[in-house]
K.L.:
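Below you'll find the structure I mean.
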Amino acid sequence: MNGKDFALLVESIQEGGKILTKEKKPARTSIFSPPDIRNIRKNAKATQIEFASMIGISVARLRNWEQGRKTPEGARFGPFESGICGSSIHQEHFEPVN
């Protein structure tokens, strides 16, 4: 890495630190709408128990998502974000978790 690129990297890291500490506003932000979990599950023709098993979560967590009390985050949001659980979901995409 040359000196100019390194200086840009350091500047970028410093700017990120200022954004994290709220000293500076980010240049842009992205807002994601939570996926319609109930609709995704119904399109999969799965019960809550079956669907929770397919994606490896508890039925209680699935109910919280469907009722809007919680939303998928982190690793649990992955299948919905990547489209695996899109409107054309099929059960063969998942293996039940025992």
Side-chain angles (χ1 to χ4, degrees):
M1 176 179 297
N2 65 35
K4 183 179 175 184
D5 289 339
F6 184 75
L8 285 172
L9 177 62
V10 170
E11 182 182 338
S12 177
I13 292 169
Q14 289 171 337
E15 181 180 24
K18 288 180 182 178
I19 291 169
L20 285 174
T21 59
K22 309 245 189 273
E23 294 175 46
K24 182 176 181 174
K25 289 190 174 193
R28 64 180 177 269
T29 57
S30 299
I31 300 172
F32 297 93
S33 300
D36 183 351
I37 305 297
R38 178 178 286 134
N39 191 39
I40 293 169
R41 177 180 61 80
K42 287 186 177 188
N43 284 340
K45 296 178 176 51
T47 66
Q48 286 183 331
I49 294 169
E50 292 167 340
F51 195 71
S53 177
M54 285 181 210
I55 62 174
I57 63 169
S58 69
V59 175
R61 177 171 290 183
L62 178 62
R63 286 184 184 136
N64 283 334
W65 289 355
E66 287 190 355
Q67 294 170 8
R69 289 192 294 254
K70 303 261 185 178
T71 56
E73 295 178 350
R76 294 292 181 213
F77 187 67
F80 302 104
E81 184 179 45
S82 67
I84 291 172
C85 291
S87 59
S88 62
I89 184 173
H90 295 288
Q91 286 187 329
E92 62 266 15
H93 289 116
F94 296 99
E95 301 245 346
V97 177
N98 294 326

K.L.:
T29: which residues meet the side chain to side chain donor-acceptor pair (under 3.5 Å) condition with it, sequence neighbours left out?
P.N.:
none
K.L.:
Mind checking the CD1-CD1 spacing from I40 to I55? Nearest 0.5 Å is all I need.
P.N.:
8.5 Å
K.L.:
List for me each residue that meets side chain to side chain donor-acceptor pair (under 3.5 Å) alongside R63, sequence neighbours excluded, and say none if there are none.
P.N.:
Q48
K.L.:
I need the full list of side chain to side chain donor-acceptor pair (under 3.5 Å) pairs touching residues 2-16, with sequence neighbours left out, sorted by first then second residue.
P.N.:
E15-K24
K.L.:
Indicate the atoms forming the closest heavy-atom contact of A46 with M54, along with that distance.
P.N.:
CB-CE, 3.5 Å
K.L.:
So, for W65 and I37, which heavy atoms are closest and what is the spacing to 0.1 Å?
P.N.:
CB-CG1, 4.0 Å
K.L.:
Do I13 and I19 share a hydrophobic cluster (ILVMFWY, side-chain heavy atoms under 4.5 Å, transitive)?
P.N.:
no
K.L.:
Under the side-chain contact (heavy atoms from CB on, under 4.5 Å) rule, collect the residues that match up with S58, sequence neighbours excluded.
P.N.:
A60, R61
K.L.:
Residues sharing I49's hydrophobic cluster, by side-chain heavy-atom contacts under 4.5 Å among ILVMFWY, directly or via others?
P.N.:
V59
K.L.:
Verify salt bridge (Lys or Arg N to Asp or Glu O under 4.0 Å) between K18 and E23, making sure each step is shown before the conclusion.
P.N.:
CA-CA 5 Å; K18 288 180 182 178; E23 294 175 46; 5.5 Å; no
K.L.:
Taking atom NZ of K70 and atom CG of L62, what is their separation to the nearest 0.5 Å?
P.N.:
14.5 Å
K.L.:
With sequence neighbours excluded, what pairs up with R69 under the side-chain contact (heavy atoms from CB on, under 4.5 Å) test?
P.N.:
N64, Q67
